[in-house]
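Quick notes on the structure that follows.
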Amino acid sequence: ARWARAVRAAQSTSRALARAAAGAARGHGVAGGSAGGRRRPPLTPSQAGKQVSKDELAKRAATYPTHPAPVRLSFFESIPVSFVASGPAALHALAGAADGRLFAWGRNDKGQLGLGDLCQRNKPTVVDLGGGKAVAAAAGKSHTLVALADGTSLAAGNNTQGQLGLGSVRVKGGADDLQLTPAPVVGVEGCTAAAAGVDFSLWLAGGAVWSAGHPQHGVLGHGTDHE
């Protein structure tokens, strides 16, 4: 008898848990539904204005189709390329030609393409490196790093956290925060490679590693995150 009562109690508990889980799933899956006993707040006018209709999404998909398989860039068919670069935080891309030229394209809202303006480029565009020859490059969220054949490094784009390594931080809330053309990185000689994160940068030079930018989570490697 005790065993039967235990079985019935376990079954009752299991059914109660299942009902609770189903209710929670409904609450999370329906806009405006209950989640944890609380109703979701209605969309603000700003949020409502950002809602995109199915027709608009279909139009965008037709205009900008995805590429499930690699498609060769016709721009480079007659230009030998020695390296390419981008990054998980970046919406721009870079390619270095065998002759040392650097090409950039994509998002440019912070001048990260180094082309002297804030205009997006949908096709590769050559970057003026002041006569230098690019051997490596890196793309952060809104900045670009370039290693040149003579061992120097250049940087362009957003510098509000000092991520360009120019020896100063620009935080003026406007165009003065941006470096629209490649500028020399200070203190790094013999640079052969670079890496860029959201708001920080790394350089490899003569076997030594250098870092600059935002130190959150200790990402600069200097023993503190300065929080």
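Numbering starts at 1 and runs along the sequence shown.
- Considering H143, Q161, H214 as possible partners of S201, the one that fulfils the side-chain hydrogen bond (donor to acceptor under 3.5 Å, both in side chains) test is H143.
- No donor-acceptor pair closer than 3.5 Å links the side chain of N158 to the backbone N or O of L178.
- When only modelled atom types and interatomic distance are considered, D150 and T152 share a side-chain donor-acceptor pair under 3.5 Å.
- Criterion: ILVMFWY side-chain heavy atoms under 4.5 Å apart, direct or through other members. Under it, V127 and L154 are part of a common hydrophobic cluster.
- Across L129 and G100, no two heavy atoms sit closer than the pair CD1-O, 4.0 Å.
- Here the side chain of N122 pairs no donor or acceptor atom with the backbone of G106 at under 3.5 angstrom.
- Between Q179 and L164, some side-chain heavy-atom pair lies under the 4.5 Å cut-off.
- The minimum heavy-atom distance linking L145 with A155 is given by the pair CD2-CB, 3.8 Å.
- With contacts defined as side-chain heavy-atom distances shorter than 4.5 Å, the pair L202/W210 does not qualify.
- Here the closest non-hydrogen pair linking G165 and A212 is CA-CB, 4.2 Å.
- Proximity of L148 to V146: side-chain heavy atoms (C-beta onward) are separated by under 4.5 Å at one or more points.
- Each salt bridge (Lys or Arg N to Asp or Glu O under 4.0 Å) pair with one or both residues in residues 86-99, not counting sequence neighbours, appears once here: D99-R101.
- The hydrophobic cluster containing V84 also includes L73, F75, F76, I79, V81, F103, W105, V126, under a criterion of side-chain heavy atoms closer than 4.5 Å among ILVMFWY residues, counted directly or through chains of members.
- Contact between P182 and G114 at its shortest, heavy atoms only, is CD-O, 3.4 Å.
- The shortest heavy-atom contact between A138 and L94 is O-CD1, 3.6 Å.
- H92 and S86 form no side-chain donor-acceptor contact under 3.5 Å, judged by distance and modelled atom types alone.
- The shortest heavy-atom contact between C191 and W203 is SG-CD1, 3.9 Å.
- By the salt bridge (Lys or Arg N to Asp or Glu O under 4.0 Å) test, E77 pairs with no residue at all, sequence neighbours left out.
- Panel note: side chain N108, backbone D117; a donor-acceptor pair is recorded below 3.5 Å.
- You'll find the side chain of V169 stays beyond 4.5 Å of the side chain of T160, heavy atoms only.
- Grouping the Ile, Leu, Val, Met, Phe, Trp and Tyr side chains by contacts below 4.5 angstrom, directly or via other members, places L180 apart from L115.
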